[in-house]
Amino acid sequence: MSTTKPLSRQYLLAPGVKIKSATITNQAAGYFSLTEGGAHVNTVEATGGSNTTAPTAVTFYVYNTEPYSTAHVEIEYYHDIPHPKSTELKTASFTITFKLSGTTYWEQQGSTILPTSGNSGTLPIVPPTGNTGAGPETLNKQMVYLLDVSTTGNMLFRGNSPLAGHDQPIDFTTLHNYMKEQYEFQAKGVTTYKPFPNIGEYVLCEVALLSEASETYEIASSIGSYGSQSTQEAIQKQIKAGTNVKEIIDNNLPNSTTSYPADPLTTPTAIKDGSIYAHMYLWQVQPGEDNYDLAHAQQLYKMVNTQQNFKVPYTEVTLPVMYYIHCCNGHDRTGIISSIYMIEKSNKAFPTENSGGDLTYQYIRGTTLNILTANQNGPQLYTNCTYYNGPNKGKNAPNKSRCFLIHAADNPNFVYRKTVEDAYNTIKGNNTASAKTINSDAEQGSAATAVYVMDDPSVVPPTS
């Protein structure tokens with residue numbers, strides 16, 4: 001049993017007028033408390049609000065062994081209807097990440113109920129404006145991006161959490177459609193184009209870059225998406241009850257080399273209209289633990305570029321694998337692994353190339369996304385980008401966006417970016433004196449500076 005002393009921070013749940021109630025439910029291995037060092041609780045609720053009065057604010061403490069912890073926020077709020085003039089009660093929800101160290105106290109994505117982040121412990125909950133906030137744990141079509149296609153036929157996609165919603169299982173048909181549509185878009189016009197395989201013609205491999213300590217329910221919800229219908233229902237029932245949720249992970253994904261189900265062909269996953277061959281891995285990527293992250297990215301490169309022994313039962317037909325890597329938002333941890341993957345791929349093709357320019361190219365490749373709509377723009381997402389290379393160098397990039405690795409005030413050592421730099425220098429055998437760094441022009445831009453993406457040809461390779 002771990003004896004690590006948990007980190008903690010005090011927060012104030014302070015809903016505004018027109019909020020009837022606001023409830024925060026812990027989704028991590030840690031816990032809440034209403035008093036410092038007090039009894040553990042899983043939910044904090046502020047109640048008593050009306051159309052003219054704010055609910056009573058509630059002070060609470062968040063504890064976890066990791067410097068961040070996730071929770072689900074749900075509110076009831078009063079919505080004014082002009083014609084005829086009346087008021088209706090509505091609900092909205094989103095996911096929040098509590099930051100238990102640094103200057104940023106909390107962050108969230110995709111909601112107007114809170115700002116994107118806060119530098120104090122006060123949570124000023126307000127009624128949503130337009131977007132009710134599905135939370136980063138809901139599959140976002142725009143975050144799905146094709147990173148690589150191997151000559152083996154395997155493909156590598158990146159994205160955010162594939163869950164269908166808060167504590168909801170994966171909708172594999174929707175994920176399939178998003179991957180297919182993105183492949184069709186990125187492969188458009190390629191002479192060696194091959195149609196994207198149908199469900200049943202490939203194996204889906206989810207690689208979850210999540211933390212068991214702070215994203216317990218999200219991991220468990222993914223696990224509850226696989227296997228027979230009865231197996232899925234049993235796990236989902238356990239998650240809903242909040243009973244021994246961590247055991248779901250420990251029993252099914254005890255380490256990074258074990259997949260669940262162990263054999264996706266003999267244990268196909270039930271979906272609405274049949275079944276899909278699918279399984280998942282849990283790789284608990286930790287920025288700053290360079291050897292650990294490098295090993296995972298190199299293992300991913302090996303998996304994508306090796307013909308896997310998945311044969312259709314009772315035949316000799318070998319199925320390709322569609323790899324889907326993600327963290328919660330699809331930003332930082334996914335960006336680290338994507339960037340190191342690109343470094344490893346480049347190194348296999350050009351082993352003598354060793355420069356800051358080469359490192360910068362791969363970093364930009366690993367943090368480039370499909371074009372995002374304006375409402376997806378945030379502190380790390382940029383839609384107004386410029387090509388860094390190629391015949392269109394310096395021109396606007398209409399079909400691509402950029403997702404930077406976080407390096408805000410609570411990350412003064414740029415640990416996410418440095419993890420990528422350290423991986424490059426390890427792969428290239430550079431010592432302290434010869435170490436390469438990412439060029440400053442590849443960093444997060446502003447209104448006055450360009451934000452770069454790569455002007456690459458399609459990732460679809462020539463026929464092998």
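In this text the structure is predicted, and so the values were computed from the model without any measurement. Side-chain atoms are counted along with the backbone in the values below, which use heavy atoms only and exclude waters and symmetry mates.
- From Leu359, atom CG reaches atom OG of Ser346 across 10.0 Å, with rounding to the nearest 0.5 Å.
- Ring planes of His176 and Phe196: tilted class, angle from 30 to 60°.
- Under the ring pair (Phe, Tyr, Trp, His ring centres under 6.0 Å) test applied with Tyr63, the options Phe32, Phe98, Tyr31 reduce to a single match, Tyr31.
- Using modelled atom types, one finds a donor on one side chain and an acceptor on the other under 3.5 Å when comparing Thr231 with Ser228.
- The minimum heavy-atom distance linking Pro128 with Thr112 is given by the pair CA-OG1, 3.3 Å.
- Within the 4.5 Å cutoff, the side chain of Met155 has heavy atoms near those of the Tyr183 side chain.
- Taking the side chain as every heavy atom from C-beta outward, Gln308 and Val203 never approach each other to under 4.5 Å.
- Side-chain contact between Leu100 and Tyr68: absent, with no pair of heavy atoms (C-beta onward) separated by less than 4.5 Å.
- Judged by distance alone, the side chains of Glu74 and Thr91 never bring a donor and an acceptor atom under 3.5 Å apart.
- Under 3.5 Å, the side chains of Thr70 and Gln27 contain no donor-acceptor pair of N or O atoms.
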TODO: Report the C-alpha distance between Thr216 and Ile248 in whole Å, list the side-chain angles of each, state the deciding distance to 0.1 Å, and finish with yes or no for side chain to side chain contact (heavy atoms under 4.5 Å, CB included).
DONE: CA-CA 9 Å; Thr216 314; Ile248 297 172; over 6 Å; no
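- Side-chain atoms of Glu218 and Ser161 form a donor-acceptor pair, as typed in the model, at a separation below 3.5 Å.
- Minimum interatomic distance between Arg402 and Val451 (heavy atoms only, all atoms of both residues): CB-CG1, 3.7 Å.
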Open item on the list: Under the criterion salt bridge (charged side-chain N to carboxylate O under 4.0 Å, His left out), I'd like the reasoning laid out for Lys99 against Glu107: C-alpha separation, chi angles, the key distance, then a yes or no.
Closed with: CA-CA 7 Å; Lys99 309 298 284 290; Glu107 293 179 344; 3.6 Å; yes
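- Among all heavy-atom pairs drawn from Ile249 and Leu282, the shortest one is CG2-CD2, 3.9 Å.
- Judged by distance alone, with hydrogens and angles left aside, the side-chain atoms of Gln238 form a donor-acceptor pair with the main-chain N or O of Thr243 at under 3.5 Å.
- Ring centroids of Tyr382 and Phe404 are separated by less than 6.0 Å, placing the two rings close together.
- For Asn160 (side chain) and Gly330 (main-chain N/O), no donor-acceptor pair under 3.5 Å exists by modelled atom type.
- Nearest heavy-atom pair, Met454 versus Lys400, reported as atom, atom and distance to 0.1 Å: O-NZ, 2.8 Å.
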TODO: Check the pair Thr257 / Gln299 against side chain to side chain contact (heavy atoms under 4.5 Å, CB included), numbers first and verdict last.
DONE: CA-CA 10 Å; Thr257 60; Gln299 177 63 22; over 6 Å; no
TODO: Could you walk me through whether Tyr77 and Val126 pass side chain to side chain contact (heavy atoms under 4.5 Å, CB included), step by step?
DONE: CA-CA 8 Å; Tyr77 67 98; Val126 298; over 6 Å; no
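- Under the 3.5 Å distance criterion, the side-chain polar atoms of Gln108 are left unmatched by any main-chain donor or acceptor of Thr97.
- Considering only heavy atoms from C-beta on, Pro55 stays 4.5 Å or farther from Thr47 through its side chain.
- Listed for the Arg158 side chain is a donor-acceptor partner under 3.5 Å among the backbone atoms of Gly366.
- A salt bridge is absent between Lys302 and Glu344: the closest approach of a Lys/Arg side-chain nitrogen to an acidic carboxylate oxygen does not fall below 4.0 angstrom.
- Asp148 and Tyr341 share a side-chain donor-acceptor pair at under 3.5 Å.
- Look at Arg333 and Glu215 and you find a salt bridge, because one of the NZ, NE, NH1 or NH2 atoms lies within 4.0 Å of a carboxylate O, short of that distance.
- Under a 3.5 Å cut-off, the side chain of Thr334 and the backbone N or O of Cys327 do form a donor-acceptor pair.
- Using a 3.5 Å distance cut-off with no hydrogens or angles, the side chains of Asn347 and Lys428 do pair a donor with an acceptor.
- For Leu13 against Glu45, the heavy-atom pair with the smallest separation is CD2-C, 4.4 Å.
- Within the model, atoms OG1 of Thr174 and NZ of Lys141 stand 10.5 Å from one another, a figure rounded to the nearest 0.5 Å.
- Between Tyr226 and Phe172, the ring center distance clears the sub-6.0 Å criterion.
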Open item on the list: Could you walk me through whether Asn26 and Ser69 satisfy the side chain to side chain contact (heavy atoms under 4.5 Å, CB included) test, starting with their C-alpha distance in whole Å, then the side-chain angles of each, then the deciding distance to 0.1 Å, before giving a yes or no?
Closed with: CA-CA 8 Å; Asn26 179 41; Ser69 188; 4.0 Å; yes
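- The closest side-chain heavy-atom distance from Val321 to Tyr202 is not below 4.5 Å.
- Although no hydrogens or angles enter the test, the distance criterion places a donor-acceptor pair under 3.5 Å between the side chain of Ser225 and the main chain of Ile170.
- Considering NZ of Lys20 and CD of Glu76, their distance stands at 5.0 Å, rounded to 0.5 Å.
- Summarising the geometry, atom OG1 belonging to Thr318 is positioned 10.5 Å from atom CZ belonging to Phe310; distances are rounded to the nearest 0.5 Å.
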Task: Residue pair Glu421, Arg417: steps toward the salt bridge (charged side-chain N to carboxylate O under 4.0 Å, His left out) verdict - done: CA-CA 6 Å; Glu421 292 175 337; Arg417 185 194 70 194; 3.7 Å; yes
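- In this structure, the side chains of Leu175 and Leu204 come closer than 4.5 Å at one or more pairs of heavy atoms.
- Scanning all heavy atoms of the two residues, the minimum distance from Pro15 to Ala54 falls at O-CB, 3.5 Å.
- Under the 3.5 Å distance criterion, the side-chain polar atoms of Ser150 are left unmatched by any main-chain donor or acceptor of Gly153.
- Glu206 places no side-chain N or O within 3.5 Å of a backbone atom of His279 that could act as its donor or acceptor partner.
- Atom CD of Glu181 sits in a sparse spot, with 12 or fewer heavy atoms from other residues, nucleotides or ligands closer than 6.0 Å.
- Using a distance-only test at 3.5 Å, with no hydrogens or angles considered, a donor-acceptor pair links the side chain of Asn251 to the main chain of Glu247.
- Separation of atoms CG (Leu294) and CD1 (Ile336) is listed at 12.0 Å; rounding is to 0.5 Å.
- Ile96 contributes atom CD1, which lies 12.0 Å from atom OG1 of Thr25 (distance to the nearest 0.5 angstrom).
- Around CD of Glu36, the count of heavy atoms belonging to other residues, nucleotides or ligands within 6.0 Å does not exceed 12.
- Outside the 6.0 Å centre-distance limit, the rings of His296 and Tyr281 are not counted as a close aromatic pair.
- Between the side chains of Asn255 and Thr258, at least one donor N or O sits under 3.5 Å from an acceptor N or O.
- Between Lys345 and Ile343 the shortest side-chain heavy-atom distance does not fall below 4.5 Å.
- Looking only at side-chain heavy atoms (C-beta outward), Ile113 and Val73 stay at 4.5 Å or farther from each other.
- Although no hydrogens or angles enter the test, the distance criterion places no donor-acceptor pair under 3.5 Å between the side chain of Trp106 and the main chain of Thr116.
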